[in-house]
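Beneath this line is the structure, given in structure tokens, with notes to follow.
Just so you know, these numbers use all the heavy atoms, side chains as well, and skip hydrogens, waters and symmetry mates. All figures in this text were calculated on a predicted structure; none of them were measured in a lab.
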Amino acid sequence: MLCRIADPDAWTRGAAMALRPGGSLVVVDLHPAFQTVAGIDPLVVDWPYGGGGPHPEAVTGTYAEPGLSLPAHDTVQYPYSIGEIVTSAASAGLTVKHLGEHVAAEFDPRGILSRGGDGRYRLPFGVPTFPSCTRCAPCHRTRTPRSGPQEWDWL
């Protein structure tokens, strides 16, 4: 989850350097717009869309098990927009050739989505047009960093 990373540029550079020539990187995360939504009925938006600044909050649960109640603990997360995420990849020398925004997800990390007949989760806004998940296609490295400018291809 990219929102747990304080410096996405450093993370993206590190991920890019860790790839061997021909190696792949796939980034799948919750959509930043979806992360702004705290509740559906009534609609509550309590998270900034982008900016990357620290956003501290006390939480009593975990995204890994939305219904689990835990003792309150402090967390710090960092909201990034799609533009900030893609710019971070470009700054690391990656070329994005595909960015998918999906209106359905395989799980409901915040406990606010409705499960459809197909078993996938969506926001219950009639026509499903609000994205809940983002996917950057795999990339592979085509040159080693010492052989000249880094070139990356997204499959």
Side-chain angles (χ1 to χ4, degrees), residues 1-40 43-113 121-123 130-155:
M1 305 230 337
L2 297 175
C3 68
R4 307 232 183 249
I5 298 170
D7 186 347
D9 292 337
W11 182 88
T12 307
R13 282 192 311 272
M17 289 188 304
L19 292 176
R20 296 181 197 176
S24 295
L25 171 68
V26 177
V27 177
V28 178
D29 202 356
L30 297 176
H31 195 285
F34 171 69
Q35 289 178 287
T36 67
V37 179
I40 300 299
L43 179 62
V44 176
V45 176
D46 73 342
W47 179 263
Y49 181 82
H55 186 77
E57 68 178 324
V59 297
T60 58
T62 172
Y63 67 88
E65 186 70 37
L68 181 65
S69 182
L70 299 172
H73 60 281
D74 294 329
T75 66
V76 177
Q77 297 180 36
Y78 306 87
Y80 301 108
S81 68
I82 292 289
E84 290 165 324
I85 294 166
V86 171
T87 299
S88 180
S91 296
L94 302 173
T95 301
V96 177
K97 293 192 177 179
H98 175 79
L99 173 66
E101 296 180 275
H102 306 281
V103 297
E106 300 296 324
F107 64 101
D108 181 7
R110 302 195 66 193
I112 61 173
L113 300 176
Y121 293 89
R122 295 169 179 80
L123 285 165
F130 194 85
S132 60
C133 185
T134 304
R135 176 182 182 270
C136 284
C139 80
H140 68 273
R141 191 166 149 184
T142 58
R143 278 193 209 179
T144 61
R146 297 175 201 263
S147 66
Q150 292 185 34
E151 293 183 4
W152 307 82
D153 291 329
W154 288 85
L155 300 175

Closest approach of [X] and [Y], non-hydrogen atoms and distance?
X	Y	value
Pro79	Gly53	CD-O, 3.2 Å
Pro32	Ile82	CD-CD1, 3.7 Å
Trp47	His55	CZ3-CD2, 2.6 Å
Tyr49	Ala33	CE1-N, 3.5 Å
Ile112	Ala38	CG2-O, 3.8 Å

As an exercise, state the distance from [atom1] of [X] to [atom2] of [Y], rounded to the nearest 0.5 Å.
X	Y	atom1	atom2	value
Leu2	Glu84	CG	CD	11.0 Å
Leu94	Leu19	CG	CG	7.5 Å
Leu123	Asp108	CG	CG	8.5 Å

Pairs meeting criterion side-chain hydrogen bond (donor to acceptor under 3.5 Å, both in side chains) with involvement of residues 70-80, two or more places apart: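 side-chain hydrogen bond (donor to acceptor under 3.5 Å, both in side chains) check on residues 70-80 returns no pairs.
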Residue pairs involving residues 7-18 (criterion side-chain hydrogen bond (donor to acceptor under 3.5 Å, both in side chains); sequence neighbours excluded): Asp9-Ser88, Thr12-Ser88
Working for side-chain contact (heavy atoms from CB on, under 4.5 Å), residues Asp29 and Phe34: CA-CA 10 Å; Asp29 202 356; Phe34 171 69; over 6 Å; no
Glu106: partners by salt bridge (Lys or Arg N to Asp or Glu O under 4.0 Å), with sequence neighbours left out: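 Testing Glu106 for salt bridge (Lys or Arg N to Asp or Glu O under 4.0 Å), a comparison that skips the adjacent residues, returns Arg120.
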